[in-house]
Amino acid sequence: MKRILVTGGAGFVGSHLCKALVQQNHHVICLDNFFTGRKENIQTLQSLPNFELIRHDLVEPILLEVDVIYNLACPASPVHYQYNPIKTIKANVLGALHCLGIAKRVNARVLQASTSEIYGDPSEHPQKEDYWGNVNTLGPRACYDEGKRLAETLFCDYHRENGVDIRIARIFNTYGPQMHPNDGRVVSNFIVQALQNQDITVYGEGEQTRSFCFVDDLVDGLLKLMQDNMPTTPINLGNPNEITIKTLAEMIIELTQSKSKIIYQDLPQDDPVRRKPDIERAKKHLKWEPKIALNDGLQQTIAYFKNELTP
Ligand code: NAD
Ligand code: UDP
């Protein structure tokens, strides 16, 4: 049984991770400022003796004694990370520094929730971990992309200079239950619109691609990456099943048997054209690959949103 800090633990991915760690009988400290996270996400955990919640903003330092840290504290939806870009940079950079400071002081293993966004609008396809990326440093996504890139740099420097035991997960688009109905990312937007028979808002012509990973698969990958003797170099975690955004809209309309129509809106600036993880490194070192097909994951997510939207 370990003492484990999950920053951003009341968010979408964080709440699934907290649940999995609590089920393994670890003592979990969930830290969150509730910017995009919700108490409902962790409600079933709060009465448990091995779960603890701290409302704290990770841009401020905190003293904790833990064995393991998962650093997830950062808004992940473009709508939310662009709402206050300077705060997003602080959450990424100061948040990473504060986690690394704890890890160094108490000798904890620490994982950074990095992202496929560090590859920017990639000129290599699929994206391997040794690709350095194509990020517009000045654009509206830069607060997130560059914040996450600098966090990776900090993790590497603390490892090289101070021997901190690090892991870096480059997470690709993940979806599933516990997403906020107003999250703003594509899967939740389309499902909420379809369930309400509203227009489905495809940005651009919908020919851009993403590769969607179900949250249970991602959490399994994160747990495996934190085992002993895993690489300290970045590892892609995602589902290599690549589809266009238009196809995703059509799938969701069919699965929900919705009367919604697809409408086309402006493509946001710097929206990546293609994205698909190369997961050979994860397969080799973690013996991990996603198991849940998009169709099945979407059905579970639709069932969750149906319940959320019921008055
Ligand atoms: P989310 O927005 O649902 O969760 C983020 C959590 O962090 C929320 O609970 C939020 O309240 C909390 N938070 C934000 N700023 C904070 C701060 N300053 N101090 C304390 N808590 C703070 O997003 P998510 O999808 O669960 O993403 C979790 C992590 O995984 C993020 O770091 C994100 O960048 C990374 N990631 C997610 C995806 C994905 O597709 N879900 C993809 C790549 C990377
Ligand atoms: N998107 C869309 N309609 C929406 C929300 C998103 O067409 O209502 C598109 C968006 O332009 C992008 C893709 O879906 O091409 C994935 O967007 P999301 O915000 O989920 O994540 P990203 O991968 O861009 O960070």
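Here, residue 1 is the first one in the sequence, and each next residue gets the next number. Indexing begins at 1, ligand by ligand and atom by atom, following the structure's order.
The atoms of ligand 2 that sit less than 4.0 Å from any heavy atom of R141 are 22 (P), 24 (O), 25 (O). With ligand atoms numbered from 1 in the order given, ligand 1 contributes 17 (C), 18 (N), 19 (N) to contacts under 4.0 Å with heavy atoms of D57. Heavy-atom proximity to R275, at under 4.0 Å, picks out these atoms of ligand 2: 22 (P), 23 (O). Near V202, meaning under 4.0 Å from any of its heavy atoms, are these atoms of ligand 2: 7 (O). For ligand 2, the atoms lying closer than 4.0 Å to a non-hydrogen atom of P78 are 19 (O), 25 (O). Ligand-side atoms of ligand 2 in range of E117: 25 (O), range being under 4.0 angstrom from any heavy atom. Shown in contact with N189 at under 4.0 Å from a heavy atom are these atoms of ligand 2, numbered in order with element: 4 (C), 5 (C), 8 (O). Each of the atoms 19 (O), 20 (O) of ligand 2 lies under 4.0 Å from some heavy atom of R185. Close approach of ligand 2 to I245 (heavy-atom distance below 4.0 Å) involves ligand atoms 7 (O), 13 (C), 14 (O).
Remark: I54 CD1 to L64 CG distance equals 5.0 Å, nearest 0.5 Å. To the nearest 0.5 angstrom, L195 atom CG is 7.5 Å from S258 atom OG. In this structure, the separation between CZ on R274 and OG on S123 is 12.0 Å, given to the nearest 0.5 Å.
Between E129 and R170, none of the side-chain N atoms (NZ, or NE/NH1/NH2) sits under 4.0 Å from a carboxylate O, so this pair counts as no salt bridge.
Using a non-hydrogen distance threshold of 4.0 Å, S114 registers as a contact of ligand 1. For E117, the closest heavy-atom approach to ligand 1 does not fall below 4.0 Å. Within the 4.0 Å heavy-atom cutoff, S77 does not count among the residues contacting ligand 2.
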Original post:
Where do T88 and Y83 land on the side-chain hydrogen bond (donor to acceptor under 3.5 Å, both in side chains) test, with the steps shown first?
Top reply: CA-CA 9 Å; T88 299; Y83 172 75; over 6 Å; no
Subject >> Intermediate values then yes/no, side-chain hydrogen bond (donor to acceptor under 3.5 Å, both in side chains), Q193 and T201 >> reply: CA-CA 8 Å; Q193 290 163 345; T201 54; 2.9 Å; yes
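For N136, the CG atom counts as densely surrounded, since its 6.0 Å shell holds more than 12 non-hydrogen atoms of other residues, nucleotides or ligands. Atom CD of Q257 is surrounded by 12 or fewer heavy atoms from other residues, nucleotides or ligands within 6.0 Å.
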For residues 290-300, run the donor-acceptor check on the side chains, cut-off 3.5 Å, and write out each pair with its distance to 0.1 Å, sequence neighbours left out.
none

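Under the 3.5 Å distance criterion, with hydrogens and angles disregarded, no donor-acceptor pair is assigned to the side chains of H180 and E308. Under 3.5 Å, the side chains of E207 and T244 contain no donor-acceptor pair of N or O atoms. T7 and N71 form a side-chain donor-acceptor contact under 3.5 Å, judged by distance and modelled atom types alone. If you check the side chains of R3 and H27, you find no donor sitting under 3.5 Å from an acceptor. For the residue pair N241 / S211, no side-chain donor-acceptor distance below 3.5 Å is found, with atom types taken as modelled. With 3.5 Å as the limit, one finds a donor-acceptor pair spanning the side chains of Y119 and N236.
D32 OD1, 2.6 Å is the protein heavy atom nearest to atom 11 (O) of ligand 1. Counting protein heavy atoms only, atom 23 (O) of ligand 1 is closest to A76 CB, 3.4 Å. D271 OD2, 3.3 Å is the protein heavy atom nearest to atom 10 (C) of ligand 2. The protein heavy atom nearest to atom 34 (O) of ligand 1 is Y144 OH, 2.6 Å. Of the protein's heavy atoms, Y203 CD1, 3.4 Å lies nearest to atom 1 (N) of ligand 2. Closest to atom 43 (C) of ligand 1 among all protein heavy atoms lies I171 O, 3.1 Å. Counting protein heavy atoms only, atom 3 (N) of ligand 2 is closest to T201 O, 2.6 Å. When only non-hydrogen protein atoms are considered, atom 10 (C) of ligand 1 lies nearest to T36 OG1, 3.2 Å. For atom 5 (C) of ligand 1, the nearest non-hydrogen atom of the protein is C74 O, 3.2 Å. Ranking the protein heavy atoms by distance from atom 41 (N) of ligand 1 puts R185 NH1, 2.9 Å first. In terms of protein heavy atoms, atom 22 (C) of ligand 1 is closest to N33 OD1, 3.0 Å.
For atom 23 (O) of ligand 2, the nearest non-hydrogen atom from the set E205, Q193, Q208, R210 belongs to R210. The residue among N173, T115, T244 with a heavy atom at the shortest distance from atom 21 (O) of ligand 2 is N173. The heavy atom nearest to atom 31 (C) of ligand 1, out of those in L72, T7, L237, is found in L72.
Applying side chain to side chain donor-acceptor pair (under 3.5 Å) to T209 and the options H125, E242, K246 leaves one that passes, E242.
The stretch residues 37-82 participates, sequence neighbours left out, in these ring-ring contact (aromatic ring centres under 6.0 Å, His included) pairs: Y81-Y144.
On a distance-only criterion, V13 and ligand 1 share at least one N/O pair closer than 3.5 Å. Of the polar atoms of Y81, none of the N or O atoms is found under 3.5 Å from an N or O of ligand 2, judged by distance alone. At least one N or O atom of V186, backbone or side chain, sits closer than 3.5 Å to an N or O atom of ligand 2.
Neither the backbone nor the side chain of H80 comes within contact range of ligand 1; no heavy atom lies under 4.0 Å.
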